[in-house]
Structure formats: structure tokens, C-alpha cells
Amino acid sequence: MADLTQTAANVRSGSNGAVELVQAGEAGITAGTPVYQKTADEKYYKADADAGSSESDVYGIALMNADADEYFVVQTEGDINVGATTVTGEVYVLSSTAGKIAPASDIASGWYPSILGTAKDTSGTIDLDISNGSTPKA
């Protein structure tokens with residue numbers, strides 16, 4: 001399959017979503033982007049499944065757009081509409097394209113698998129329950 005085609009304007013937190021205000025470390029974070037926290041500056045960046053263990057440790061999904069040093073809201077758990085068509089029951093993971101979401105069937109050698117959650121319907125709702133892998137897939 002391929003990365004989800006997301007529409008940032010359609011990304012929404014569900015009624016049970018846990019959210020936080022965080023600071024962006026780079027430009028171009030859009031609503032629906034999986035992000036990680038960089039230890040060096042404690043800011044948030046686009047997560048990437050094949051960039052290394054720390055860059056693939058998803059903290060949450062951005063609920064709004066942000067550029068470098070701007071503050072934005074990130075969701076860490078609960079129902080979230082990722083602004084894309086999803087497959088009910090499909091498990092979604094961090095993609096090897098920075099800041100993107102892919103179906104679990106796309107996991108390839110060298111990826112640090114980070115499970116984001118399972119789709120609840122076809123309209124983009126995912127039960128966000130992040131589980132980060134510590135070793136790359138062989």
C-alpha cells in the first residue's frame with residue numbers, strides 16, 4: 001500500500017483525546033504529522049521510521065500546523081481523525097517518509113516499527129495507542 005493521503009484541515013481530536021501544547025523544532029509540521037521529541041533541545045520534529053531509534057519514537061500526532069519555534073497542540077492518545085480514508089481494523093504505523101502514516105503491511109527492513117493505532121472506521125478515525133519499537137526490523 002502507500003502512505004495515507006491526509007488533508008490537514010480534516011484532522012480532529014476525538015472526545016477522549018489526550019492533548020498537550022509543545023514547541024516545534026522545524027518548519028513544515030502540519031496537522032496529522034507524527035512527531036517525536038529531540039532530547040538535545042526538547043522540541044518536536046517530524047518522526048521517521050527509518051531515521052534511527054530516537055527519530056522513530058513517536059510522541060503524538062500534531063493537531064495543527066506549526067513552523068520552527070512555534071507552539072502547537074499534539075495528541076498522545078485517544079480517538080483522532082487523521083484526515084484521510086482508512087480501512088476499518090487496519091493497524092497504522094509511522095512511515096519511512098518523515099511525518100507520514102502508513103499501514104502496518106508497509107513495514108520494511110530497517111524500519112523502527114512504531115504502531116500508532118487501529119482504524120475504527122473508513123472516515124479516518126484511529127484509536128491512537130502509540131507503541132514504539134526499539135530495534136529495527138531485520
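By convention here, the first residue in the shown sequence is residue 1.
- A side-chain contact (heavy atoms from CB on, under 4.5 Å) with Thr125 is found for exactly one of Asn81, Thr118, Thr88, Ile80, namely Asn81.
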So Ser95 and Asp3, side-chain hydrogen bond (donor to acceptor under 3.5 Å, both in side chains) or not? Walk me through it. CA-CA 7 Å; Ser95 171; Asp3 292 346; 2.8 Å; yes
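- A side-chain donor-acceptor contact under 3.5 Å links Asp67 to the backbone of Gly28.
- Taking the side chain as every heavy atom from C-beta outward, Val74 and Val19 never approach each other to under 4.5 Å.
- There is a path of hydrophobic side-chain contacts, each under 4.5 Å, that joins Val35 to Leu128.
- Using modelled atom types, one finds no donor on one side chain facing an acceptor on the other under 3.5 Å when comparing Gln37 with Tyr45.
- By the 4.5 Å heavy-atom criterion applied to side chains, Ser56 and Leu94 are counted as neighbours.
- Of all the heavy atoms in Gly99 and Pro34, the pair that sits closest is O-CD, 3.2 Å.
- Between Ile29 and Asn65 the shortest side-chain heavy-atom distance does not fall below 4.5 Å.
- Outside the 6.0 Å centre-distance limit, the rings of Tyr44 and Tyr36 are not counted as a close aromatic pair.
- Minimum heavy-atom separation, Ala104 to Glu90: N-OE2, 3.9 Å.
- Using a 4.5 Å cut-off on side-chain heavy atoms (C-beta onward), Glu77 and Ile130 make no contact.
- A heavy-atom distance below 4.5 Å is found between the side chains of Asp79 and Lys120.
- Here the side chains of Glu70 and Gln23 are not in contact, with every heavy-atom distance at 4.5 Å or above.
- You'll find the side chain of Leu63 stays beyond 4.5 Å of the side chain of Phe72, heavy atoms only.
- To the nearest 0.5 Å, atoms OG (Ser13) and CE (Met64) are separated by 13.0 Å.
- Hydrophobic clustering places Val58 together with Leu4 (ILVMFWY residues linked when any side-chain heavy atoms are closer than 4.5 Å, directly or through intermediates).
- A donor-acceptor contact shorter than 3.5 Å links the side chain of Gln6 to the backbone of Gly32.
- Note on Asp69 versus Lys43: salt bridge recorded, some NZ/NE/NH1/NH2 to OD/OE distance being below 4.0 Å.
- Remark: the backbone N or O of Glu55 is not paired with any side-chain donor or acceptor of Asp48 at under 3.5 angstrom.
- Partners of Tyr112 according to the ring pair (Phe, Tyr, Trp, His ring centres under 6.0 Å) rule, which considers only residues two or more places apart in sequence or in another chain, do not exist here.
- Asn16 places no side-chain N or O within 3.5 Å of a backbone atom of Gly78 that could act as its donor or acceptor partner.
- Side-chain contact between Val87 and Tyr92 is present, with at least one heavy-atom pair separated by less than 4.5 Å.
- A donor-acceptor distance shorter than 3.5 angstrom exists from the side chain of Thr86 to the backbone of Asp121, with no hydrogens or angles considered.
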